[in-house]
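Taking it in order: structure first as structure tokens, then the write-up.
Residue indices begin at 1 and follow the sequence shown. Values reported hereafter were calculated over all heavy atoms of this structure, with side chains retained and with hydrogens, waters and symmetry mates removed. Order of appearance sets the numbers: ligands from 1, and atoms from 1 within every ligand.
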Amino acid sequence: MLSNNYQVILAAHSWFSRNFLPRVAAVLNVSLITDVLKIESNNVYTRAIYAGNVHAKIQSKDPIQLLTIHTSLFEACSRDGGDAEIITKDTPPAMNLTSWKSEKINKSDRPALIDAKIVISGGRSLGSEENFDKVLSPLVDEVGAALGATRAAVDAGYAPNEIQVGQTGVVVAPELYMAVGVSGANQHIYGMKDSRVVVAINNDPDATIFQFADYGLVADLFDAIPEINKLIKE
Ligand SMILES: Cc1cc2nc3c(=O)[nH]c(=O)nc-3n(C[C@H](O)[C@H](O)[C@H](O)COP(=O)(O)OP(=O)(O)OC[C@H]3O[C@@H](n4cnc5c(N)ncnc54)[C@H](O)[C@@H]3O)c2cc1C
């Protein structure tokens, strides 16, 4: 239980917080308010529902407000300066209900998806894990981008889970987002719609992704991506 009189506990809306904050909410017997887009006042929040298609303004009457926030809509605060007192707490002993066996971390020299300036995401249209690497990696590495994927590509085993962009993946807001063979489903758009410039490459001129793109190229990605990479190199 909390020893202090906290009023608000908040964390970035990430895989990590989505794992432990529901349990904190259960222990405290309060609601968890996820993916807050705007803090309206000290207990009124705007949050996204239906994959971001509806914004709901809600008021919490819980004594402790437990929130996860949509990071791309909030400025990161500096670690230095500021008036807030930083208190170091001792970690209570673990309950030993679970034990740590091992971890497998995918190490990469590429920038982290969450704060990369350029993100290039591939869709199911890549067709295989090999194509994901063979077609997208040269361009990704040439421009120093992070690699992203749609859920369909992840579910098909073409890309690892941690690079999924979208409602049930990572939310990104880079300077440049390139959607390669991505249809533009609501759940994917939710994870990249705050990107500054969006480029879409799709062989279907009616693909939904073009509605969200600043620049669109109707082309076969297997021709377009190597060609773009060649031009950038030149
Ligand atoms: C509860 C829920 C949560 C979800 N969460 C997410 C999420 O977090 N992220 C996410 O991405 N999705 C999510 N989805 C899935 C989402 O609804 C879509 O199914 C998914 O985004 C589609 O992925 P895709 O665009 O790769 O595949 P597809 O829909 O198969 O689209 C492939 C696109 O590639 C184009 N294409 C095909 N061949 C080529 C080619 N050779 N060159 C160029 N273009 C080509 C096609 O025209 C098409 O537009 C979620 C779904 C649900 C129900």
Grouping ILVMFWY residues whenever side-chain heavy atoms fall under 4.5 Å, the cluster of Ile69 otherwise contains Val8, Leu10, Ile33, Val36, Leu37, Ile39, Tyr45, Ile58, Leu67, Leu73, Phe74
CG (Leu217) and CD (Glu227) are apart, to the nearest 0.5 Å, by 10.5 Å
Pocket residues around ligand 1 (non-hydrogen, under 4.0 Å) come out as Gly123, Arg124, Ser125, Thr150, Arg151, Ala152, Gln164, Val165, Gly166, Gln167, Thr168, Gly169, Gly181, Val182, Ser183, Ala185, Gln187, His188, Asn202, Asn203, Asp204, Ala219, Asp220, Leu221, Phe222
Exercise for review: May I ask you to check whether over 12 heavy atoms, not counting those of Gln59, lie within 6.0 Å of atom CD?
Suggested key: yes
- Query: Is Arg196 salt-bridged to Glu175, cutoff N-O under 4.0 Å?
  - Reply: yes
Would Ile209 end up clustered with Val171 when hydrophobic side chains under 4.5 Å apart are linked, directly or stepwise?
-> no
Donor on one side chain, acceptor on other, Ser128 and Tyr158, under 3.5 Å: no
